[in-house]
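Notes to accompany the following structure.
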Amino acid sequence: MADAWEADIRTVREAWSHFLQNDFATAESLFRRGMGEATSAAAAVEVAAEPDAEEDDEAPSDDRVERRDTRGAFALQYALVGLLRGVSTLSDEQLPECKSRLWHADALASLDTDWVGKRVVRGVCTLCAGIVHCLQREPVRGVFHILRSWRWLRSLKTEALEYRGVGCEVVRSSALLGLGGFALVLSLLPPHLVRAAAYTTGFEVDRAAGLAMLRTCVREGGIYAPVAALGWLAFHIDSKTFLGEEQGEAELDECSALLRWAAGEYPSSLFFSLLEADCLACRRRLPEALLVIASASRLPCLDELRAMRAMLHYKQGAYHLAALHWAEAGACFKASHAVYFSAGRRSLAPSMAVNAALCYTLAADEGAAGEMLAEVARYRELAKSNWVPADRNAFRAHAQWTERCGAGGTLPPERWALLQIAVRMAFLMRSTVWMTDADAERFAAMLATAAGDDDADSRAQAAMCSAQLHAHRGDAAAGMAQCELGLSLSPRLGAPSRDFGTVPMLHCLSAQLHASSGDLRRAEASLDACSAAAARGTQMQQLLTFKSGRLRRSLGLQLHDAYATLSLPAGRAAVFSITLARTADEATSTAAWDWALEARDIDFGVRWTAAAGEPAEPHPTSRHEAAAGPVEGSFELPEGCESGLLELTLSNRFSYFRSKAVSYRIGTAAVKAEPRVE
């Protein structure tokens with residue numbers, strides 16, 4: 001039986017090798033063969049639409065290799081490869097088909113003997129089914145199954161990672177991939193669902209730990225190392241830019257090294273080629289990135305994988321936009337639209353058509369722009385109600401074109417097109433991440449003149465795009481200046497800005513820029529303003545909800561790490577004593593304070609006593625309301641003074657009944673001050 005186990009493992013390795021080298025059909029066939037023939041017990045398993053949430057495993061505990069049934073494991077991988085193949089070929093109903101296959105795999109796995117491998121398979125089946133539900137816009141059911149998967153996955157942290165039986169290397173590789181993926185999926189949920197997940201499962205949602213597990217899976221070279229490599233690379237190269245997080249050179253170097261390994265193991269892999277192109281683009285080496293995409297575009301597998309061909313055209317268009325090559329970008333988006341059109345697919349076709357129209361307008365090709373706008377109008381008249389957000393925004397753009405640039409319109413077409421494509425470049429395609437410094441300066445200059453002085457809505461939109469451009473360049477000061485400019489126009493903004501969601505997005509960008517500068521209090525205040533200004537049904541709603549939610553969770557963690565908390569009882573005061581002294585490095589010559597009151601009010605004052613001098617009050621005691629926001633300040637050792645004592649007092653002595661909650665960061669560069677309650 002051990003020979004049969006080893007044969008199954010060889011089949012799994014062979015199947016993934018075929019998949020990663022673009023032979024989806026062979027990979028799917030190998031996994032299907034591992035499930036058994038159509039007349040075998042695998043096909044005879046009766047599968048419910050979804051398993052009972054209270055169902056218990058009935059198989060007896062038995063770790064003997066001859067009792068193992070690997071059909072469930074093969075069926076799980078058959079389902080996942082089938083989904084990826086279905087999506088890539090633009091097949092219909094791929095999500096319902098995948099969900100059916102996943103529950104079939106779960107039913108097969110339930111027949112296995114009760115060993116750790118069975119729990120791995122059932123946990124991953126349930127986790128993936130939850131993700132599919134989310135993709136089908138069924139978030140409640142999706143999150144339920146994601147959390148329910150912990151019923152099996154919880155054993156992976158101890159039992160699977162330390163398993164020493166037959167096939168331990170396969171079990172460990174599966175466990176590292178499963179746990180790493182589980183942590184990443186949970187970390188991307190909205191904050192309230194992350195809290196619910198942590199409470200329900202007891203699993204600490206730690207993205208860094210999840211990424212470390214994926215990297216370990218790759219480093220150990222186990223059976224799922226290449227799959228873990230794809231996940232790890234996709235996060236660092238693609239997801240981080242979407243989340244607005246910085247990519248360091250050392251991080252990109254590690255990505256490049258892993259991509260070189262992948263090129264040796266899986267030459268011409270379409271998936272790794274896409275990641276390689278993005279990695280080059282992140283280094284702002286756009287000509288090389290375009291060469292990688294051009295090479296991938298010649299792969300024979302694209303005759304079947306039409307969605308991947310459309311994706312490659314789209315990616316080329318995004319790279320050309322980063323270089324401000326309007327005509328070339330328009331041709332790429334037009335080619336992407338043609339793929340969807342020839343396949344009879346409507347979703348995303350309007351989005352590609354409007355992208356092409358905008359680019360052609362900027363390239364002064366009125367004929368090509370008109371042709372693409374006519375395509376958008378044609379799709380708009382179709383009897384289809386479930387358009388994806390990108391397509392609904394394309395229809396909005398077409399309506400605005402008619403209203404603002406058509407007969408009686410006041411905005412020149414090229415200016416309107418620049419503002420529209422700028423939003424897509426900065427927020428959706430992230431082309432502004434890949435711009436060279438020279439092209440970024442050119443683009444910023446174009447945005448500065450894109451709207452007339454009398455058009456507040458266009459000026460605010462241009463400021464918003466410029467702020468995102470500067471955020472991608474790591475220039476927080478320039479980004480904040482653009483946010484302030486855009487927000488200063490708020491009283492004059494009309495329907496276009498309300499429909500777009502300009503003001504809440506400016507607040508969100510302001511929060512992101514404050515956070516990147518370490519100004520966590522202002523970042524928190526900007527996020528609160530973002531929430532207050534947000535409205536349903538805007539163009540940016542979905543993106544804004546995700547970005548602000550992720551930022552709020554990240555900010556909460558940073559605030560927790562950066563600030564201490566104090567519950568000050570009624571009738572008491574907290575005194576922070578800081579000794580200042582002049583030293584060579586000046587680390588103890590300046591004290592700073594940054595505190596915030598959770599609710600109600602409190603007294604605050606600062607007293608300074610020099611080593612040889614009379615006490616003084618740089619900040620006389622005064623009442624502070626929580627609604628006034630955080631209190632920040634600093635005190636520097638006076639000229640000619642060598643040392644002294646600074647005392648900061650937060651007093652609740654005037655209160656007879658209520659305690660006060662304060663979060664604070666007080667001290668010098670060398671020492672954090674601790675309170676003395678008296």
Side-chain angles (χ1 to χ4, degrees), residues 1-21 23-43 45 57 59-82 101 104-125 152 155-156 159-181 213-214 216-230 261-262 264-266 269:
M1 186 63 188
D3 290 341
W5 168 265
E6 292 299 330
D8 284 343
I9 299 308
R10 286 194 298 272
T11 299
V12 172
R13 286 187 181 276
E14 181 185 356
W16 280 112
S17 180
H18 279 289
F19 174 79
L20 291 168
Q21 294 182 85
D23 187 356
F24 287 23
T26 300
E28 197 172 0
S29 175
L30 286 169
F31 286 132
R32 180 67 184 87
R33 190 177 71 192
M35 293 168 58
E37 298 301 325
T39 55
S40 71
V45 175
D57 297 335
S61 179
D62 189 347
D63 194 30
R64 288 177 294 177
V65 68
E66 61 269 18
R67 294 289 302 274
R68 294 179 187 172
D69 185 341
T70 59
R71 292 176 300 165
F74 276 105
L76 166 61
Q77 294 168 101
Y78 171 67
L80 296 178
V81 170
R101 290 185 182 188
H104 190 123
D106 183 72
L108 287 172
S110 70
L111 302 178
D112 195 2
T113 189
D114 190 22
W115 74 296
V116 66
K118 170 185 180 176
R119 291 186 282 282
V120 171
V121 172
R122 298 205 69 184
V124 175
C125 280
W152 293 282
S155 66
L156 271 61
E159 187 179 0
L161 290 178
E162 303 302 326
Y163 181 70
R164 292 292 180 265
V166 175
C168 57
E169 70 287 348
V170 177
V171 171
R172 179 172 171 80
S173 188
S174 304
L176 288 169
L177 177 62
L179 283 171
M213 287 182 181
L214 292 179
T216 300
C217 184
V218 177
R219 194 174 294 113
E220 292 182 358
I223 192 168
Y224 294 113
V227 183
L230 280 174
W261 165 82
E265 295 290 324
Y266 309 100
S269 170

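All values reported here derive from a predicted model rather than from experimental measurement.
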Practice item. Sequence neighbours left out, what passes side chain to side chain contact (heavy atoms under 4.5 Å, CB included) with S29? Give chain and number order. Key: none
Practice item. Could you tell me whether a side-chain N or O of S174 sits under 3.5 Å from a main-chain N or O of V170, the two making a donor and an acceptor? Key: yes
Revision key, fill the gap. Y224 and S173 have their tightest heavy-atom pair at N-OG, 3.0 Å
Revision key, fill the gap. Hits for side chain to side chain contact (heavy atoms under 4.5 Å, CB included) against E169, two or more places apart or cross-chain, chain-then-number order -> none
Exercise for review: Could you give me the CA-CA distance, side-chain angles and deciding distance for R119 and D114, then say whether side chain to side chain contact (heavy atoms under 4.5 Å, CB included) is met?
Suggested key: CA-CA 8 Å; R119 291 186 282 282; D114 190 22; 2.8 Å; yes
Practice item. Nearest 0.5 Å please: distance from the SG atom of C125 over to the CG atom of L76. Key: 4.5 Å
Practice item. Check whether any side-chain N or O of S110 sits under 3.5 Å from a backbone N or O of A107 as a donor-acceptor pair, and report yes or no. Key: yes
Exercise for review: Name all residues meeting the salt bridge (charged side-chain N to carboxylate O under 4.0 Å, His left out) criterion together with E162; count only those two or more places apart in sequence or in a different chain, and write none if there are none.
Suggested key: R164
Point to revise | Pairwise side-chain contact, D8 with F74, heavy-atom cut-off 4.5 Å (strictly under) | key: yes
Practice item. Begin from the C-alpha positions of F31 and H18 and carry the test side chain to side chain contact (heavy atoms under 4.5 Å, CB included) through to its verdict. Key: CA-CA 11 Å; F31 286 132; H18 279 289; over 6 Å; no
Check your understanding: For the atom pair CE (M213) and CG (L176), what is the distance rounded to the nearest 0.5 Å?
Key -> 7.0 Å
**Study point:** Sole candidate of Q21, R13, E14 that passes side chain to side chain donor-acceptor pair (under 3.5 Å) when paired with S17
**Key:** Q21
Revision key, fill the gap. In this structure, CH2 of W152 is separated from CG of D106 (nearest 0.5 Å) by 5.5 Å
Check your understanding: Taking side chain as C-beta onward, heavy atoms only, is V12 less than 4.5 Å from I223?
Key -> yes
Practice item. List the steps and the verdict of side chain to side chain contact (heavy atoms under 4.5 Å, CB included) for D112 and V121. Key: CA-CA 10 Å; D112 195 2; V121 172; over 6 Å; no
Revision key, fill the gap. Side chain to side chain contact (heavy atoms under 4.5 Å, CB included) filter on A228, not counting sequence neighbours, yields L177, L214, C217, V218
Review point. Quick one: side chain to side chain contact (heavy atoms under 4.5 Å, CB included) partners of E28, sequence neighbours excluded?
Key: Y78, V81, R85, R101
Check your understanding: Between OG1 of T70 and CG of L108, what distance do you get to the nearest 0.5 Å?
Key -> 10.0 Å
Practice item. Calculate, to the nearest 0.5 Å, the distance between atoms CZ and NE2 belonging to R71 and H104 respectively. Key: 8.0 Å
Practice item. Could I get the full list of side chain to side chain donor-acceptor pair (under 3.5 Å) partners for E220, not counting sequence neighbours? Key: R172
